Number of protein chains: 2
Amino acid sequence: MPDQTLALDIDSLEGPLGQRVYTALRNKILDMTFEPGMVLRKGALCEHLGVSRSPVAEALGRLSSDGLVDIIPQSATRVSQFSVSELREESFLREAVEVAAVAKVAKERTEEQLTKLTRNLRLQGLLIDDQDYQGFFEADVDFHHMILEFTGYPKVVLAAGQMSLQLRRARMLLLPEPGRPADAMADHHAILNAINVQDPDAARAAMSAHLRQLIKRIIPLERQHPTYFRHV
Amino acid sequence: MPDQTLALDIDSLEGPLGQRVYTALRNKILDMTFEPGMVLRKGALCEHLGVSRSPVAEALGRLSSDGLVDIIPQSATRVSQFSVSELREESFLREAVEVAAVAKVAKERTEEQLTKLTRNLRLQGLLIDDQDYQGFFEADVDFHHMILEFTGYPKVVLAAGQMSLQLRRARMLLLPEPGRPADAMADHHAILNAINVQDPDAARAAMSAHLRQLIKRIIPLERQHPTYFRHV
DNA sequence: AAGCGTAAACTAACATGCCACTTAAAGGAC
DNA sequence: GTCCTTTAAGTGGCATGTTAGTTTACGCTT
């Protein structure tokens, strides 16, 4: 397939060029369109996007500090591969932050926040009934996002997203398993219940147990997609 | 004082120019040599450092994504000011990560790790006896750093440092208080004791209580240094 | 004297040229 | 056929020219 253009990076975004290039590349990497290990040729990117090397270099630099790209000094730059240890670390960090967040939300939750979470959980049930697993996935993401938001700490939301980028990317490789959405929803129910009765410790425990399911399912991916992983 | 050269940024560092400029500026900002609100003139920096605009622009870009400088789009770039809400958020994040870290360490600590922490705590006592508060400050930082390291998660150490940069900077404004080092050491003793007896919950509680002291002391700084704070 | 409009000075952002270094493949020697 | 050498392509890093936008300050008008 000599057509390596792999879908067009559109400049329908807004902001400075460097920002737009960064966002476009980031999205492609996070949704696994750009596969781990793929070489990013700077010249080709410049030509394909119709911009000069400056914004591309800036974007690649930021992606590098995000850990999404490995820059080999005078040689090449490629989409970073997964490493099990790195995914474990991100899982640890994500759990630390989300557990602390849910505890705070459980303590201070308002009725409105409770209503929104309850509504989301009911939606999850409907989507499972309809077997709309893509929709459930999005509702799942929303559920966690709402809890982070309800801390009232906008920077916490950003930090949580930033510190688990590899995890987010690896999650795209997970295949749908039969009973999984229902199990996840049961976890969510336990979390919401703890928030409802304002029991921070129960919320912590429920969130912790829930998040540990993800890394357990991600670890075996190394055997299924060996080329996506770095075997150090 | 027209001598705005404010101490020379030395190129005694190693690595690429951009990295050196970044590190030099970062250090100056973190140790409060460059005060919050100060305008960073790119041209002056280039001339003073004897480098071109490229590495300086790269360094400022990285500092901007670190939140240490504010770049006003086609106008100027200045050292970022503190904001109480931002400091609260960083304190929350730091507590989330360090509490999770100390719980893990308490569960899995080795004898060697215990020995190193114990040795550090004894050093803290000696430094307090000698009234070497600068030395105590460094031992304090080491103590927390060691706990993060002992998780075995190198990325956690980096993330913890990266997410509390403003906190680290604001801490420089704190004036030495008479009984404070002794109190801090008592907290450290409680933390170490929980690690010793491998009680994760006690370690969590002790670390949490300890870290909440810092933000309590930082909040009042807004009244003492109003020009350093952003009053949104 | 006060208010307004204009122009000059500064900036960030982007484009481009250059160089030193790494890498890999092509070609020659054995 | 194998090994070594060399050469060409690609890259990161730095310098510099150009452009567009913002701010400031000066001077003109009223």
Side-chain angles (χ1 to χ4, degrees), chain A residues 2 4-6 9-26 29 34 36-81 230, chain B residues 2 4-5 9-26 29 34 37-81 230:
Chain A
Q4 65 163 13
T5 56
L6 267 177
D9 291 323
I10 308 179
D11 304 65
S12 63
L13 305 170
E14 57 181 2
L17 262 184
Q19 174 68 28
R20 281 186 279 180
V21 175
Y22 169 75
T23 303
L25 290 177
R26 188 176 186 269
I29 294 175
F34 287 175
M38 174 180 173
V39 172
L40 294 179
R41 230 171 300 277
K42 196 185 285 189
L45 286 175
C46 294
E47 185 182 6
H48 183 56
L49 295 173
V51 300
S52 81
R53 306 191 313 254
S54 298
V56 173
E58 178 198 334
L60 290 179
R62 292 173 63 182
L63 290 171
S64 171
S65 70
D66 287 345
L68 292 179
V69 151
D70 287 336
I71 295 182
I72 301 147
Q74 309 283 1
S75 170
T77 138
R78 53 180 63 212
V79 179
S80 70
Q81 294 179 300
R230 177 178 31 194
Chain B
Q4 64 163 13
T5 56
D9 291 322
I10 311 179
D11 304 66
S12 62
L13 305 169
E14 58 182 2
L17 263 185
Q19 174 68 29
R20 281 185 278 180
V21 175
Y22 169 75
T23 302
L25 290 177
R26 187 174 186 270
I29 293 175
F34 287 175
M38 173 181 172
V39 173
L40 293 179
R41 232 171 295 277
K42 196 184 282 190
L45 287 175
C46 294
E47 185 182 6
H48 183 58
L49 296 173
V51 301
S52 81
R53 306 192 308 259
S54 299
V56 173
E58 177 198 335
L60 290 179
R62 291 173 64 182
L63 290 171
S64 171
S65 70
D66 287 345
L68 292 178
V69 304
D70 289 335
I71 295 182
I72 300 147
Q74 306 278 1
S75 170
T77 138
R78 55 181 60 211
V79 178
S80 69
Q81 295 179 300
R230 179 182 353 150

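The chains referred to below are lettered A, B, ... by the order of the sequence lines, with proteins before strands, and numbering in each begins at 1. Keep in mind that what you see is a predicted model, and the values were worked out from it rather than measured.
Taking all atoms of both residues into account, the shortest heavy-atom contact from Phe34(A) to Leu25(A) is CE1-CD2, 3.7 Å. Shown here for Pro36(A) and Gln81(A), the closest heavy-atom pair between the two residues is CB-CA, 3.9 Å. Minimum heavy-atom separation, Gly18(B) to Glu58(B): CA-OE1, 3.9 Å.
The base of dA15(C) is paired with the side chain of Ser54(A) by a donor and an acceptor separated by under 3.5 Å.
Protein atom CZ of Arg41(B) is 12 Å distant from nucleotide atom C1' of dA9(C), rounded to whole Å. Protein atom CZ of Arg53(B) is 14 Å distant from nucleotide atom P of dC10(C), rounded to whole Å. In this structure, Leu60(B) places its CG atom 12 Å from C1' of dT11(C), rounding to the nearest Å. Atom CZ of Arg20(A) is separated from atom P of dC14(C) by 8 Å (rounded to the nearest Å). Note: CD (Gln19(A)) to P (dC14(C)) measures 10 Å, nearest angstrom. In this structure, Lys42(B) atom NZ and dA13(C) atom P are separated by 7 Å, rounded to whole Å.
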Expected string for nucleotides 19-24 of chain C under the B/S/- scheme (protein heavy atoms, under 4.0 Å, primed atoms plus P, OP1, OP2 as sugar-phosphate) is --BSS-
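Under the side chain to side chain donor-acceptor pair (under 3.5 Å) criterion, Thr23(A) pairs with Gln19(A), not counting sequence neighbours.
Rounding to the nearest 0.5 angstrom, the gap separating the CZ atom in Arg41(B) from the CZ atom in Arg78(B) is 10.0 Å.
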Could you list the donor-acceptor pairs under 3.5 angstrom formed by side chains in residues 63-70 of chain A, with sequence neighbours left out?
unit_1: Ser65(A); atom_1: OG; unit_2: Arg62(A); atom_2: O; d: 3.0
unit_1: Asp66(A); atom_1: OD1; unit_2: Gln162(A); atom_2: NE2; d: 2.7
unit_1: Asp66(A); atom_1: OD2; unit_2: Tyr22(A); atom_2: OH; d: 2.4

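Bracketed by its first and final contacts, the part of DNA chain D lying under 4.0 Å from non-hydrogen atoms of chain A reaches from dG10(D) to dG13(D) in 5' to 3' order.
When each of dA12(C), dC14(C), dT16(C) is scored by its nearest atom to the side-chain atoms of Thr77(B), the top-ranked nucleotide is dA12(C).
With a 4.5 Å cut-off on side-chain heavy atoms, Leu60(B) and Val21(B) do not count as touching. Looking at Leu17(A) and Val56(A), their side chains never come closer than 4.5 Å, going by heavy atoms from C-beta outward.
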